[in-house]
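We count ligands from 1, going down the list as the structure has it; atoms in each ligand are counted the same way. Heads up: numbering here begins at 1 and tracks the sequence. Since we're looking at a predicted model, the values are computed, not measured. For the numbers below, each heavy atom of this structure counts, side chains included, while hydrogens, waters and symmetry mates do not.
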Amino acid sequence: MTERKTTPTATQGTNEPRRARQVSAAPPVERVPRARATGAGKRRNGKARDADLVVIGGGSGGVACARRAAAHGARVILVERDAIGGTCVNRGCVPKKMLSYGASWAAILSGCLSHTGGHEDWRDAIVRVNAEVARLNAGYTQRLHESGVEILRGDARVTAPDEVRVGDETIHARRILIATGARPRPLDVPGGELAASSDDVFTWQTVPASVAVIGGGYIGVEQASILSRYGVKVDLIVAGDRLLRHFDHEIGAALAEALTARGVRLHLNAEVHLLSQANGAVEVCYRPTDRPGQTEAVRAQAALAAIGRISNVQGLGLEELGVAFGDKGGIHVDKQYRSSVRKIYAVGDATDGLQLTPVATAQGRWLADRLYGRRGERADFDFVPTAVFSEPAIGAVGMTEAQAIADAGKPERIRTVVKRFVSLENRFGGTPYQSVFKLVLNARSGRVLGVHLMDNAAPEIVQALAVALRLGVRESHLQTTVQLHPTVAEELFG
Ligand code: NDP
């Protein structure tokens with residue numbers, strides 16, 4: 001089975017389609033076997049054909065749903081105009097995590113092994129990242145073929161609740177899934193277009209000497225941390241009074257200290273109102289909200305805006321069909337991921353829900369099971385573990401202290417345990433950097449309501465602890481579980 005490109009329509013989205021990366025290291029593309037018969041109608045240019053499910057978008061949610069639905073015997077066509085794998089593979093989790101590894105190893109090398117010439121090298125890191133992304137693109141495509149999903153290249157437009165047009169092709173679909181993901185929110189101030197987005201970072205062949213990062217959320221913090229470890233002078237400009245506003249306040253404060261100690265210059269309470277260009281530099285002007293009437297400016301070789309992501313739902317024809325949207329602009333769906341139009345479903349970043357890859361994947365699989373197989377067990381979206389891959393990393397699951405107090409109604413119903421310590425990793429590196437653990441507990445029962453960690457091991461620890469929290473773990477269980485020594489995790493136990 002081959003992929004086919006159809007003529008893009010001028011109607012979908014405003015972004016230029018992005019191409020799979022060109023890589024200097026040849027990706028290990030395995031042989032794509034001949035697909036088994038899919039049952040999806042044969043392609044006939046300009047003619048209509050049928051499918052049980054048309055999935056628009058080949059990212060985490062779309063691929064998960066398409067493969068699972070095909071495994072249940074549904075005739076599935078997946079439409080994608082760009083590289084298969086979506087944001088996570090191409091412009092998000094995977095390339096970011098690899099850059100972060102590169103930065104950490106470079107820091108260890110230059111700190112401990114300076115005599116061997118260890119140093120950070122962005123150019124080399126990007127080659128490695130691109131090779132891995134290309135490998136994943138090929139792997140995703142191959143697995144879709146093997147599952148019997150037909151891939152159609154081009155821009156899709158939903159022309160009726162049961163009809164999708166891609167170029168000059170019309171597909172009659174019993175159901176349609178919108179899994180088109182999200183894109184960086186543009187900075188809406190004069191000169192805002194001078195700021196790069198997180199997508200652009202992965203195309204940089206070299207790093208600027210200095211970058212002004214705007215935004216104190218996941219991406220702003222991660223990129224500030226990664227870039228500074230690649231030797232870039234970083235100013236992090238944050239609208240609010242702390243980093244990571246949706247995380248526990250003590251973790252946000254601890255991370256601010258940690259980033260500052262590692263050389264990132266923090267500007268809190270900073271309302272960016274103007275970007276301008278002069279002598280090859282970008283000037284980011286902001287008003288300090290705690291000092292009315294004043295203006296400050298940061299000059300850097302480049303600016304990077306990371307101020308949230310907006311759902312890719314424009315230009316698909318959804319408004320015309322009466323699909324309802326939520327407050328954040330994503331498609332409004334019910335618990336079955338059904339939009340306000342009966343045959344149209346949506347998962348992942350295209351909806352107003354949590355913008356996390358594993359959430360999209362779980363939603364896509366569950367939907368395919370419900371529509372074409374046995375009703376599967378729904379993933380638990382009350383305890384979604386999450387991580388920020390900064391240095392040090394953050395991991396969290398469950399409620400923050402503030403959320404727990406709001407939920408319980410009175411502060412005295414909630415107790416917290418906070419520990420600060422220097423990990424063996426940092427002792428070996430000769431640095432005084434502290435790790436922080438925080439447990440949020442029901443004061444009476446000792447039930448653990450939230451775990452918040454700042455340490456490079458945090459993401460791995462939090463993934464495992466998410467199971468314990470779902471099962472109702474109490475502080476006493478942690479205290480009577482034998483610790484594994486020497487680990488970072490043992491600080492939570494005993
Ligand atoms: P976030 O929502 O995490 O953070 C946006 C930040 O930008 C906030 O600090 C916000 O401030 C600030 N902001 C909003 N508008 C402006 C403005 N006009 N000027 C200045 N600052 C502004 O968005 P990100 O872009 O960082 O990430 C998008 C999503 O992608 C995340 O929510 C997350 O779900 C996902 N993601 C997950 C990752 C992971 O799992 N490790 C990694 C990367 C992304 P305030 O808080 O004060 O509103």
Asker: Need the ligand 1 atom indices (1-based, order shown) with element for anything under 4.0 Å from a heavy-atom of I214.
Answerer: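 The list of qualifying atoms is 20 (C).
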Asker: Say whether, by atom type as modelled, one donor and one acceptor occur between the side chain of S225 and the main chain of V221 under 3.5 angstrom.
Answerer: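 Pair absent, no side-chain N/O of S225 close to backbone of V221.
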Asker: Parallel, tilted or perpendicular for Y286 and H267, by the 30°/60° rule?
Answerer: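 Ring orientation, 0 to 90° scale: perpendicular.
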Asker: Report, in ascending order of atom number, the atoms of ligand 1 lying under 4.0 Å from any heavy atom of A306.
Answerer: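 By the 4.0 Å cutoff, the relevant atoms are 5 (C), 6 (C), 7 (O), 25 (O).
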Asker: Of all the atoms in ligand 1, which lie at a distance below 4.0 Å from a heavy atom belonging to G216?
Answerer: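 Answer for ligand 1: 6 (C), 9 (O).
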Asker: Can you find a heavy atom in the side chain of F437 that is under 4.5 Å from one in the side chain of H452?
Answerer: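 A side-chain contact is absent here, since even the closest heavy-atom pair is not under 4.5 Å.
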Asker: Measuring from the heavy atoms of V272, does anything fall under 4.0 Å of ligand 1?
Answerer: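 No, V272 has no heavy atom closer than 4.0 Å to ligand 1.
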Asker: Suppose we measure from atom 43 (C) of ligand 1 to each protein heavy atom; which comes out shortest, and what is that distance?
Answerer: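 For atom 43 (C) of ligand 1, the nearest protein heavy atom is I219 CG1, 3.3 Å.
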Asker: For atom 30 (O) of ligand 1, what's the nearest protein heavy-atom neighbour? Residue, atom name and distance, please.
Answerer: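 The closest one turns out to be R309 CD, 3.6 Å.
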Asker: Before giving the answer on ring-ring contact (aromatic ring centres under 6.0 Å, His included), spell out for F389 and Y218 the whole-Å C-alpha distance, their side-chain angles and the decisive distance to 0.1 Å.
Answerer: CA-CA 8 Å; F389 292 98; Y218 280 87; 9.4 Å; no
Asker: Any atoms of ligand 1 less than 4.0 Å from a non-hydrogen atom of A387? List them with their elements.
Answerer: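 Counting atoms of ligand 1 from 1, those under 4.0 Å from A387 are 39 (C), 40 (O), 41 (N).
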Asker: How far is atom 37 (C) of ligand 1 from the closest protein heavy atom, and which atom is that?
Answerer: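 The answer is Y218 CD2, 3.5 Å.
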Asker: Taking all non-hydrogen atoms of both residues into account, name the closest pair between N312 and T180 and its distance.
Answerer: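 What the structure gives for the nearest pair is O-OG1, 2.6 Å.
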Asker: Please determine if R291 and E296 form a salt bridge, counting it only when a charged side-chain N lies under 4.0 Å from a carboxylate O.
Answerer: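 Yes, R291 and E296 are salt-bridged.
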Asker: Under 4.0 Å from a heavy atom of G215: which atoms of ligand 1 are those, numbered in the order shown and with their elements?
Answerer: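 Those qualifying, in numeric order: 7 (O).
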Asker: Give a yes or no on whether the backbone of V417 and the side-chain of K438 come within a donor-acceptor separation of less than 3.5 Å.
Answerer: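 A pair under 3.5 Å: no.
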Asker: Is it the side chain (CB and beyond), the backbone, both or neither of R185 that lies under 4.0 Å from ligand 1, heavy atoms counted?
Answerer: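 It is neither part, as no heavy atom is under 4.0 Å.
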Asker: Just to confirm my output: which protein heavy-atom neighbour is closest to atom 25 (O) of ligand 1, and how far is it?
Answerer: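 In this structure, atom 25 (O) of ligand 1 has G308 N, 2.8 Å as its nearest protein heavy atom.
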Asker: Would you mind checking which non-hydrogen protein atom is closest to atom 40 (O) of ligand 1, with the distance to 0.1 Å?
Answerer: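 In this structure, atom 40 (O) of ligand 1 has L356 CD2, 3.5 Å as its nearest protein heavy atom.
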Asker: For L453 versus A458, what's the shortest heavy-atom pair and its separation?
Answerer: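 Heavy-atom minimum between the residues: CB-CB, 3.6 Å.
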Asker: Give the numbers and elements of all ligand 1 atoms closer than 4.0 Å to a heavy atom of R245.
Answerer: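 Heavy-atom distances to R245 below 4.0 Å select 45 (P), 46 (O), 47 (O), 48 (O).
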Asker: Starting from atom 21 (N) of ligand 1, locate the nearest protein heavy atom and write down its residue, its atom name and how far away it is, to 0.1 Å.
Answerer: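 Heavy-atom neighbour on the protein nearest atom 21 (N) of ligand 1: I307 CG2, 3.5 Å.
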Asker: In ligand 1, which numbered atoms sit nearer than 4.0 Å to a non-hydrogen atom of Q355?
Answerer: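 Those of ligand 1 that fall under 4.0 Å from Q355 are 28 (C), 29 (C), 33 (C), 34 (O), 35 (C).
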Asker: Checking the side chain of D248 only, and the main-chain atoms of E401 only, is there a donor and an acceptor separated by less than 3.5 Å?
Answerer: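 Yes.
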Asker: Considering heavy atoms of the protein only, find what lies nearest to atom 11 (O) of ligand 1 and give residue, atom and distance to 0.1 Å.
Answerer: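 Residue, atom and distance for the closest contact: A239 CB, 4.4 Å.
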Asker: At a 4.0 Å threshold, what atoms of ligand 1 neighbour a non-hydrogen atom of K96?
Answerer: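 Answer for ligand 1: 41 (N), 42 (C).
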Asker: Tell me which protein heavy atom sits closest to atom 1 (P) of ligand 1, plus the residue, atom name and distance to 0.1 Å.
Answerer: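 Residue, atom and distance for the closest contact: G217 CA, 4.0 Å.
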Asker: Are any side-chain N or O atoms of S60 and backbone N or O atoms of A360, one a donor and one an acceptor, separated by less than 3.5 Å?
Answerer: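 Not confirmed, S60 side chain does not pair with A360 backbone.
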Asker: Search all heavy atoms of H273 against all heavy atoms of T295 and return the closest pair with its distance.
Answerer: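 Closest pair (atom of H273, atom of T295, distance): NE2-CG2, 3.6 Å.
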